[in-house]
Amino acid sequence: VGSDFDIANGIRYAAGATNNSGQLPAERADIINMSFGGPDFSQTVADAVATARSQGVLLIAASGNENTSVPSYPAALDGVVSVGAVDLDRNRAPYSNFGAALDLVAPGGNTAIDRNGDGFVDGVLSTIFDDRQTPPVPIFSFYQGTSMACPHVVGVAALMLAVNPALTPDQLET
């Protein structure tokens, strides 16, 4: 788990902005996925988000899995697209945060049910490493959460940029 300082420097690095490492990537990111968050506002992270956005980077963040309208950060920051989760039936997932701080929703899964009867829980199929073995073995597993929904939105934004690389973060967000 990183500190706000670490997160801010990661954002700044990905955006090609000055950061504590003193290094810059060969090419800045066009989109930053932030599948993390919590209830505490951080001016350090907010400043890094503002810098990244001014560099032309779209920032997209998971809204949180507390089933509340209380804002989660960095998703609730200005300049960040906040993503909630829906289930297989396009209803709000029971864990997903909601409310005015939310910009949109995407498939986040619900591992408590198998609504379509296919024999698998209705989660988002993900790739992970099973580290109970040495060396760790890549496997598939079902997960749920706004952190699963967020990459769906990032993928759509990346496809939009592939079609039209001139789109600005404001245009992508709209």
Side-chain angles (χ1 to χ4, degrees), residues 1-15 19-21 23 25-42 44-45 48-49 52 57-68 70-77 80-98 101-159:
V1 175
S3 66
D4 288 345
F5 176 81
D6 296 329
I7 291 166
N9 274 285
I11 291 168
R12 295 177 66 79
Y13 175 84
N19 61 81
N20 197 52
S21 76
Q23 298 180 22
E27 186 176 333
R28 74 154 171 82
D30 293 317
I31 305 167
I32 297 175
N33 177 71
M34 298 183 289
S35 286
F36 60 86
D40 298 324
F41 171 83
S42 164
T44 301
V45 173
V49 163
V57 177
L58 178 66
L59 298 103
I60 303 173
S63 67
N65 303 317
E66 292 78 33
N67 186 29
T68 181
V70 174
S72 179
Y73 297 93
L77 293 172
V80 175
V81 177
S82 177
V83 181
V86 294
D87 65 14
L88 186 68
D89 291 331
R90 300 181 193 148
N91 295 314
R92 184 175 64 84
Y95 52 81
S96 181
N97 287 2
F98 54 91
L102 202 69
D103 291 308
L104 55 89
V105 295
N110 184 348
T111 59
I113 57 175
D114 175 14
R115 187 159 284 139
N116 64 356
D118 66 358
F120 298 100
V121 296
D122 294 340
V124 176
L125 188 60
S126 303
T127 55
I128 63 168
F129 278 95
D130 181 354
D131 58 4
R132 295 173 294 180
Q133 302 179 46
T134 305
V137 176
I139 62 171
F140 294 101
S141 187
F142 288 98
Y143 282 87
Q144 70 177 22
T146 59
S147 290
M148 299 291 104
C150 194
H152 286 94
V153 177
V154 171
V156 169
L159 290 170

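All heavy atoms count here, side chains included; hydrogens, waters and symmetry mates do not.
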| request: Check whether any side-chain heavy atom of Y13 sits under 4.5 Å from a side-chain heavy atom of N20, and report yes or no. | output: no
| Between F120 and D118, which heavy-atom pair has the shortest distance, and what is it? | N-OD1, 2.9 Å
| request: Please lay out, stage by stage, how L77 and F41 fare under the test side chain to side chain contact (heavy atoms under 4.5 Å, CB included). | output: CA-CA 8 Å; L77 293 172; F41 171 83; 3.5 Å; yes
| field | Non-neighbouring partners of S147 that pass side chain to side chain donor-acceptor pair (under 3.5 Å), sequence neighbours left out | value | none
| request: Identify the heavy atoms of I128 and Y143 that sit nearest to each other, and give their distance. | output: CD1-OH, 3.5 Å
| query | Does the side chain of D122 reach to within under 4.5 Å of the side chain of Q144, using non-hydrogen atoms? | reply | no
| field | Candidates V45, V80, V81 - the one meeting side-chain contact (heavy atoms from CB on, under 4.5 Å) with M34 | value | V80
| query | With respect to I11, which candidate in D6, L59, V57 satisfies the side-chain contact (heavy atoms from CB on, under 4.5 Å) definition? | reply | L59
| remark: Looking only at heavy atoms, the pair that brings L102 and G84 closest together is CD1-N, 3.3 Å
| query | CG of N91 to CZ of R115: how many Å apart, nearest 0.5 Å? | reply | 7.0 Å
| Going by the salt bridge (charged side-chain N to carboxylate O under 4.0 Å, His left out) test, which pairs reach into residues 137-147, not counting sequence neighbours? | none
Pairs of donor and acceptor atoms involving the side chains of residues 132-142, under 3.5 Å and at least two apart or interchain, shall be tabulated with distances.
unit_1	atom_1	unit_2	atom_2	d
R132	NE	D130	OD1	2.9
R132	NH2	D130	OD2	3.0
Q133	NE2	D130	OD2	3.3

